[in-house]
Amino acid sequence: MQDRAEQTVRRIVEAAGVVIDRDGYAGAATPEIQRIAGVSRGGFAHHFPTKADLGDAILARQHTYFRRVAERAESGPPPELWLQALVDISFDYAYSIIRDPVMRAAVRLSTEPGPYQSAESYATPLSAVTSVLESARRAGEVQPHVDPASVALTLVGCFSGVQIVSLALADREGLDRQVSAMWSVCMPGVARPEVFTRLRLEPPGPGYRADPPGPG
């Protein structure tokens with residue numbers, strides 16, 4: 001019974017991802033989400049009494065993704081280069097946005113005017129990027145002036161802007177190349193020169209999965 005309930009919740013969240021990604025939070029109609037998910041009105045309301053509950057569930061997938069990143073940075077085995085790990089995570093996240101409508105919906109929730117365009121929506125991405133940069137600092141990979149929290153704020157802002165422009169111009173086609181271009185501009189101001197020359201900033205390809213992998 002529990003497995004069936006979990007499957008129903010997953011179907012509803014994934015259907016909501018499709019609708020919110022397409023229509024936005026304000027424009028997302030619950031009957032359309034119910035239709036795509038294949039659930040009754042009562043079944044929908046049982047799991048998600050309010051629209052905010054559904055929005056919270058969508059954003060939770062993004063939070064889970066970045067909590068895994070932070071946990072890896074804080075307690076996992078160290079990679080060869082922390083800054084390379086950060087670059088790789090950015091590509092994996094970009095591909096997650098492309099392939100997973102729930103992740104796309106989470107991005108739309110946090111970037112369009114509405115209840116989710118808030119500091120809380122960005123808390124886990126900022127925390128995760130800060131954690132990786134802190135690890136890179138301890139490993140001696142970053143320049144002396146780098147403050148991890150301030151740089152994380154800049155990088156998360158840059159990535160958000162890149163993916164919004166990529167969506168507007170080409171429906172995110174070539175997002176990975178735009179992320180690569182972002183790193184080519186930003187990373188020289190972060191990495192020590194001897195570390196920068198060792199970094200791979202080119203897109204690894206859409207089948208790539210960083211460690212830890214994103215959900216989906």
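It should be emphasised that the depicted structure is a prediction, and the values quoted were computed from it without experimental measurement.
Salt bridge annotation for R99-D92: present, with a cationic side-chain nitrogen under 4.0 angstrom from a carboxylate oxygen. Under 4.0 Å is where a charged nitrogen must lie from a carboxylate oxygen, and between E80 and R198 at least one such pair does. Using a 4.0 Å cut-off between charged nitrogen and carboxylate oxygen, R22 and E32 count as a salt-bridge pair. By the 4.0 Å N-to-carboxylate-O rule, D100 lies close enough to R61 to be salt-bridged with it.
A continuous path of Ile, Leu, Val, Met, Phe, Trp and Tyr side chains, each step under 4.5 Å between heavy atoms, connects V156 with V146, placing both in one hydrophobic cluster. Note: the hydrophobic cluster containing V13 does not contain I97 (ILVMFWY, side chain heavy atoms under 4.5 Å, direct or indirect links). Side-chain heavy atoms closer than 4.5 Å link hydrophobic residues (I, L, V, M, F, W, Y) into clusters, and following such links, possibly through other members, connects V162 to M103. Tracing side-chain contacts under 4.5 Å through hydrophobic residues (I, L, V, M, F, W, Y), one never reaches V102 starting from Y65; they form parts of separate clusters. Cluster annotation: V132 and V190 are assigned to the same hydrophobic cluster (Ile/Leu/Val/Met/Phe/Trp/Tyr, side-chain heavy-atom contacts under 4.5 Å, transitive).
You'll find the side chain of Y122 reaches within 4.5 Å of the side chain of S160, heavy atoms only. Counting only heavy atoms from C-beta outward, the side chains of L54 and F44 approach each other to under 4.5 Å. Side-chain contact check for Y116 versus I58: every heavy-atom pair is 4.5 Å or farther apart. With a 4.5 Å cut-off on side-chain heavy atoms, Q84 and R200 count as touching. When side chains are defined from C-beta on, R68 does not count as touching R72, because their heavy atoms never get closer than 4.5 Å. In this structure, F196 and M187 have side chains that are in contact, with non-hydrogen atoms separated by less than 4.5 Å. Looking only at side-chain heavy atoms (C-beta outward), L201 and F91 stay at 4.5 Å or farther from each other. Two residues are said to be in side-chain contact when any heavy atoms from C-beta on lie closer than 4.5 Å; C158 and C186 meet this criterion.
Of the inter-residue distances, the one linking S110 atom OG with L59 atom CG reads 6.5 Å to the nearest 0.5 angstrom. A distance of 4.5 Å separates OG1 of T111 from CD1 of I164, quoted to the nearest 0.5 Å. Between atom OG1 of residue T30 and atom CD1 of residue I33 there is a gap of 6.5 Å, rounded to the nearest 0.5 Å. We find the OG-CD distance between S135 and E74 to be 7.5 Å, quoted to the nearest 0.5 Å. To the nearest 0.5 Å, atoms OG1 (T130) and CZ (R137) are separated by 11.5 Å. Distance CD1/I12 to CD/Q7: 12.0 Å, rounded to 0.5 Å.
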Quiz item: Which is it for L153 and V129 under the side chain to side chain contact (heavy atoms under 4.5 Å, CB included) test, yes or no, and what are the steps along the way?
Solution: CA-CA 9 Å; L153 185 62; V129 175; over 6 Å; no
Practice problem: Go through the steps to decide whether Q62 and V107 satisfy the test side chain to side chain contact (heavy atoms under 4.5 Å, CB included), and finish with yes or no. | Solution: CA-CA 8 Å; Q62 179 174 276; V107 169; 4.0 Å; yes
Practice problem: Apply side chain to side chain contact (heavy atoms under 4.5 Å, CB included) to L81 and L86, showing your working. | Solution: CA-CA 9 Å; L81 288 173; L86 182 60; over 6 Å; no
Quiz item: Step by step, would you call R10 with E14 a salt bridge (charged side-chain N to carboxylate O under 4.0 Å, His left out)?
Solution: CA-CA 6 Å; R10 176 178 286 271; E14 291 179 350; 3.5 Å; yes
Quiz item: Given the rule in the side chain to side chain contact (heavy atoms under 4.5 Å, CB included) test, do F48 and V9 qualify, once you have shown the distances and angles that lead to the verdict?
Solution: CA-CA 9 Å; F48 297 100; V9 168; 3.9 Å; yes
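Around atom CD of E112, more than 12 heavy atoms belonging to other residues, nucleotides or ligands sit under 6.0 Å away.
Put simply, the side chain of K51 gets close to the backbone of Y25: a donor and an acceptor are under 3.5 Å apart. The backbone N or O of E6 sits nowhere less than 3.5 Å from a side-chain atom of H47 that would complete a donor-acceptor pair. When atom types are taken as modelled, the side chain of D21 and the backbone of V18 share no donor-acceptor pair closer than 3.5 angstrom. In this structure a side-chain-to-backbone donor-acceptor pair under 3.5 Å is missing from S121 to Q117. E134 places no side-chain N or O within 3.5 Å of a backbone atom of P148 that could act as its donor or acceptor partner. At least one donor-acceptor pair closer than 3.5 Å links the side chain of R104 to the backbone N or O of I98.
Inspection of the R177 and S180 side chains reveals no N or O donor paired with an N or O acceptor under 3.5 Å. In this structure, a donor-acceptor pair under 3.5 Å is absent between the side chains of Q178 and S166. For the 3.5 Å distance criterion, the side chains of Q163 and R172 qualify, holding a donor opposite an acceptor.
Note on ring orientation: taking the six-membered ring where Trp is involved, the planes of F66 and Y93 are perpendicular (angle over 60°, cut-offs 30° and 60°).
Nearest heavy-atom pair across F159 and S90 is CE1-O, 3.7 Å.
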